[in-house]
Amino acid sequence: MKAIVILGSTGSIGTNTLDIVERFPAEFRVVGLTAGSNDDMLEEQIRRFKPRVVALSNESAAARLRDRCPDLPVEILAGQDGLVRVASAPEAELVVSAIVGGAGLVPTLAAIRSGKHIALANKEPMVMAGKLMQDEARRHGVRIFPVDSEHSAIFQSLEGHRVRDVRRLILTASGGALWTLTKEQLQDVTPERALQHPNWKMGAKITIDSATLMNKGLEVVEARWLFDIPESRIDVMIHRESIIHSLVEYEDRSMIAQLGLPDMRTPISYAMRYPERLPLDLPSLDLTEVGKLTFCKPDHDRFPCLRLGYESLRIGGTMPAAMNAANEIAVEAFLQGGIRFGDISDIIRSTMDAHAPREVESVDVALEADHWARSKAESLVHALAR
Ligand SMILES: NC(=O)c1ccc[n+]([C@@H]2O[C@H](COP(=O)([O-])OP(=O)(O)OC[C@H]3O[C@@H](n4cnc5c(N)ncnc54)[C@H](OP(=O)(O)O)[C@@H]3O)[C@@H](O)[C@H]2O)c1
């Protein structure tokens with residue numbers, strides 16, 4: 001039985017992970033859970049999964065939980081130190097990293113440094129400090145299994161093949177909720193409209209990232225570090241149906257892809273139980289019912305964020321961290337109704353233009369760039385605020 005910790009257990013990936021734990025009680029034992037501020041849901045999860053230790057990053061939420069549940073036989077920690085302690089719980093073998101945003105960097109790195117294998121959904125830390133995370137993983141004998149459906153597809157399509165035979169990686173993108181809109185229409189879409197993803201049910205931040213194509217920009221950076229392939233050999237193609245989750249082209253021009261209905265439980269369970277495949281009781285993909293699959297090139301004019309992802313990698317150093325931080329601030333401002341959809345890419349672009357990148361020699365350097373870019377992006381949001 002594998003002892004696991006879930007960072008971000010109250011989110012979309014976190015609850016899907018617990019669904020797998022519930023379906024396979026003989027396979028997994030939950031020793032630790034963390035959330036941001038949702039103490040209500042965390043309490044339910046504690047009662048159902050009986051972890052030894054939990055943490056909430058929000059101190060007041062942790063205090064509320066302690067006050068309300070003196071009967072719970074669980075250690076309740078708070079703040080970033082609490083998250084780090086759960087991430088490095090001595091009995092854990094695998095940490096599912098599913099916090100949203102850069103807030104996951106320090107706890108995920110702590111898990112790596114304490115020798116836990118990682119099922120990585122939280123892509124932003126890889127964007128902020130991918131090389132550092134991979135170096136630390138190697139140093140500590142840790143494997144990082146991708147959870148993102150595209151990276152899981154590439155991971156599966158690489159199995160049994162030599163990386164030196166790879167010609168390019170091709171990430172597929174659904175195009176998100178707004179793919180069919182004109183540039184003018186995109187300017188003024190509401191958060192409600194942008195949150196209507198056609199294929200996937202996910203947290204709010206990644207759903208907006210899908211609509212701007214920033215999600216694909218972040219995924220290009222993630223793929224660069226997960227698979228050690230330069231950005232010049234990573235392509236993106238729009239595939240509206242989200243059936244082909246990504247592809248690898250080899251030197252002999254053959255392509256290997258992974259297909260399936262869009263359900264995150266497939267890549268999550270593969271990362272959790274690699275190399276075994278758990279018998280998930282989910283609907284099968286019937287290609288005769290799907291009938292046809294469509295593909296087209298990304299539109300960089302209407303969706304400039306994808307290009308920013310490539311550019312951040314070409315510039316290197318702390319530039320991806322600055323881009324990621326600016327995106328987090330801009331997406332939050334858009335969700336709060338403070339800026340327009342079209343402002344998101346402008347804020348990221350202006351933040352990147354103003355950033356002086358440095359080598360990411362340590363996590364502190366990445367965090368410094370993150371803080372700098374957040375405050376720069378906040379001032380840009382302020383200037384635009386409606
Ligand atoms: N959802 C998907 O299908 C999907 C697919 C591929 C990759 N991913 C990636 O997986 C990650 C999680 O996505 P999601 O959609 O599951 O997000 P989500 O539904 O918004 O959940 C985020 C989780 O992180 C916690 N959290 C938020 N802010 C935090 C903070 N400052 N400190 C500690 N914990 C915090 C939340 O706790 P509270 O509930 O208390 O706020 C929640 O448990 C993202 O990096 C995303 O890009 C997601």
Side-chain angles (χ1 to χ4, degrees), residues 5 7 13 84 87-88 92-99 101-159 161-166 168-169 171 215-234 246 248 267 270-272 274-275 309-310 312-325 357-370:
V5 158
L7 304 175
I13 294 289
V84 164
S88 27
E93 297 158 70
L94 177 87
V95 171
V96 180
S97 168
I99 290 173
L105 173 59
V106 171
T108 305
L109 206 51
I112 293 173
R113 286 175 173 157
S114 17
K116 319 295 181 200
H117 296 301
I118 306 290
L120 187 79
N122 186 195
K123 64 193 78 179
E124 292 89 348
M126 263 292 163
V127 173
M128 296 166 72
K131 180 167 185 317
L132 191 103
M133 282 177 63
Q134 288 292 34
D135 288 349
E136 289 293 292
R138 263 188 296 277
R139 183 167 310 132
H140 294 278
V142 158
R143 291 202 65 178
I144 301 180
F145 300 105
V147 166
D148 229 335
S149 57
E150 294 79 357
H151 303 74
S152 176
I154 288 172
F155 179 66
Q156 295 179 54
S157 303
L158 285 170
E159 288 236 84
H161 301 274
R162 300 178 307 182
V163 172
R164 70 165 187 267
D165 293 334
V166 172
R168 61 185 175 130
L169 309 181
L171 298 171
N215 186 46
K216 220 42 60 178
L218 298 174
E219 286 180 7
V220 169
V221 184
E222 185 186 11
R224 191 264 171 267
W225 297 117
L226 274 177
F227 305 112
D228 198 16
I229 299 269
E231 86 281 348
S232 56
R233 293 202 282 131
I234 305 173
S246 280
V248 177
Y270 193 58
M272 288 171 78
Y274 176 86
Y310 279 103
S312 76
L313 267 178
R314 274 193 295 271
I315 297 168
T318 50
M319 190 55 87
M323 172 187 73
N324 175 67
R358 285 176 56 194
E359 274 314 301
V360 184
E361 293 143 356
S362 67
V363 69
D364 287 343
V365 173
L367 290 172
E368 232 173 74
D370 175 87

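Please read these numbers as outputs of a predicted model, since none were measured by experiment.
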With sequence neighbours left out, what residues match Tyr274 under ring pair (Phe, Tyr, Trp, His ring centres under 6.0 Å)?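 Result, ring pair (Phe, Tyr, Trp, His ring centres under 6.0 Å) vs Tyr274: Phe145, Phe155, Tyr270.
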Not counting sequence neighbours, which residues clear salt bridge (charged side-chain N to carboxylate O under 4.0 Å, His left out) with [X]? List them please.
{"X": "Asp228", "result": "Arg224"}
{"X": "Arg164", "result": "none"}
{"X": "Glu231", "result": "none"}

Between [X] and [Y], what is the shortest heavy-atom contact and its length?
{"X": "Pro125", "Y": "Gly104", "value": "CG-C, 3.7 Å"}
{"X": "Ile144", "Y": "Ile112", "value": "CD1-CD1, 4.1 Å"}
{"X": "Ala87", "Y": "Pro107", "value": "CB-O, 3.3 Å"}
{"X": "Thr318", "Y": "Ala369", "value": "CB-CB, 3.6 Å"}

So do the side chains of [X] and [Y] get within less than 4.5 Å of each other, counting heavy atoms only?
{"X": "Ile154", "Y": "Phe227", "value": "yes"}
{"X": "Trp225", "Y": "Leu313", "value": "yes"}
{"X": "Met319", "Y": "Arg314", "value": "no"}

Under the salt bridge (Lys or Arg N to Asp or Glu O under 4.0 Å) rule, what pairs show up with a residue in residues 359-368, not counting sequence neighbours?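 Found Arg358-Glu368.
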What residue pairs, at least two apart or across chains, pass salt bridge (Lys or Arg N to Asp or Glu O under 4.0 Å) with a residue in residues 146-157?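 Sorted result for residues 146-157: Lys123-Asp148, Glu150-Lys216.
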Ile99 side, atom CD1; Glu124 side, atom CD - distance, nearest 0.5 Å: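 Answer for the CD1-CD pair, Ile99 versus Glu124, is 10.5 Å.
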Looking only at atom types and distance, does a side-chain atom of Asn122 sit under 3.5 Å from a main-chain N or O of Gly101, one as donor and one as acceptor?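 Answer holds: yes.
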Backbone of Pro146 reached by a side-chain donor or acceptor of His151 within 3.5 Å: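 No, the answer is negative, given that no donor and acceptor are paired below the 3.5 Å cut-off.
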